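Only one structure is covered here, and it is reproduced in the block below.
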Amino acid sequence: RLVRFDANLSQVAQVAVPWGDGLFYDAARHRYLLGGYDSEQGTTLIQAYDEGNLALLREQVWPLPLTPNVFAANGKDQLLALARFGNSRLTSLDPETLVLTGHAILGVAAVDMALDEAEGTLFVADNQGRIHLLSVPGGQVRAVWAGEAPIALDPAHHRLYVNRESAVE
């Protein structure tokens, strides 16, 4: 279940959702995205829910074996997605229809990502203890750093927080 609470922690809305993880808030479109598996339909899919009443806005059956569960909005025209702990494919979606529009093979199993839209940089954490810095939209690798997921971006202060053996930096 997806449940929304107000500032007083009173329940405002709830909805049954497919099995999944990686809930993403798409602020530009005032919605939540969730990738998951619908056991009743026997399909993997991506769903968009209204931020207020959690009404289902869009549902897109996913054509690839692993459904994305990490998302990053790249401007108004692109939504980036990957399947955490799965394949090594970074996918591009149409932000309105959620239809797959392209993909890039990363060559590693991607675990987490963060997008710095202002700088045109996508940070991708792999399962080998590395953070890859990719140019967006081209996808060129600009650098590779030591670090692991989870990662968190603070674009206002130009900081990327990554997990390292010594500590979170």
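Bear in mind the structure is a predicted one, so any value in this text is a computation, not a measurement.
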Practice task
Flag yes if more than 12 heavy atoms outside Asp77 fall under 6.0 Å of its CG atom; otherwise flag no.
Solution key: no

Problem - For Pro95 against Arg31, the heavy-atom pair lying closest together - result: O-NH2, 2.5 Å

Exercise for the section: Give, for atom CG of Leu160 and atom CZ of Phe123, the distance between the pair rounded to the nearest 0.5 Å. Expected result: 5.0 Å

Fill in the blank from the handout: In this structure, CG of Leu64 is separated from NE2 of His103 (nearest 0.5 Å) by 7.5 Å

Completion exercise
Of all heavy-atom pairs linking Thr67 and Gly35, the shortest is CG2-CA, 3.7 Å

Handout entry: Check: Glu96 and Lys76 side chains under 4.5 Å, non-hydrogen atoms
Key = no

Fill in the blank from the handout: Residues passing the side-chain hydrogen bond (donor to acceptor under 3.5 Å, both in side chains) test with Tyr25, sequence neighbours excluded, are Glu51

Fill in the blank from the handout: Smallest heavy-atom separation, Ala114 atom then Leu153 atom, equals CB-CB, 3.9 Å

Practice task
Let me know which of Leu93, Leu79, Val99, Asn69 forms a side chain to side chain contact (heavy atoms under 4.5 Å, CB included) with Ile46.
Solution key: Leu93

Practice task
Starting at CD1 of Ile131, measure out to CE of Met113 and round the result to the nearest 0.5 Å.
Solution key: 13.0 Å

Handout entry: Connected via hydrophobic side-chain network under 4.5 Å: Leu57 and Leu54
Key = no

Problem - Any donor-acceptor N/O pair, Asp126 side chain to Arg130 backbone, under 3.5 Å - result: yes

Handout entry: Spacing of CG belonging to Leu115 relative to CD belonging to Gln78, to within rounding of 0.5 Å
Key = 8.5 Å

Completion exercise
Note: Ala149 and Asn163 closest approach over all heavy atoms is O-ND2, 3.4 Å

Exercise for the section: Evaluate the side-chain proximity of His132 to Arg142: yes if any heavy-atom separation is below 4.5 Å, no if none is. Expected result: no

Problem - Thr91, Leu98, Thr43, Leu45 screened by side chain to side chain contact (heavy atoms under 4.5 Å, CB included) with Trp62, the one that passes - result: Thr91

Exercise for the section: State, to 0.1 Å, how close Val70 and Asp112 come at their nearest heavy-atom pair, and which atoms those are. Expected result: CG1-OD1, 4.0 Å

Quiz: residues 9-18 side-chain donor-acceptor pairs under 3.5 angstrom, not counting sequence neighbours:
none

Handout entry: Minimum heavy-atom distance between Pro63 and Leu100, given as atom pair plus value
Key = CG-CD2, 4.1 Å

Handout entry: Within one Ile-Leu-Val-Met-Phe-Trp-Tyr cluster: Phe71 and Val61, side-chain cutoff 4.5 Å
Key = no

Practice task
Consider only side-chain heavy atoms of I, L, V, M, F, W and Y, link residues closer than 4.5 Å, and tell whether Tyr32 and Leu34 are in one cluster.
Solution key: yes

Fill in the blank from the handout: Tested for side chain to side chain contact (heavy atoms under 4.5 Å, CB included) against Tyr49, the lone hit among Leu33, Leu23, Leu56, Asp26 is Leu56

Exercise for the section: To the nearest 0.5 Å, tell me how far Leu2 CG sits from Gln47 CD. Expected result: 10.0 Å

Handout entry: Side-chain heavy-atom pair Leu122, Leu80 within 4.5 angstrom cut-off
Key = yes

Handout entry: Verify same cluster id: Tyr37, Leu82 (apolar side-chain graph, 4.5 Å)
Key = no

Problem - Donor on one side chain, acceptor on other, Arg58 and Thr97, under 3.5 Å - result: no

Problem - Verdict with supporting geometry, Trp145 and Leu133, side-chain contact (heavy atoms from CB on, under 4.5 Å) - result: CA-CA 8 Å; Trp145 298 337; Leu133 284 68; 3.4 Å; yes

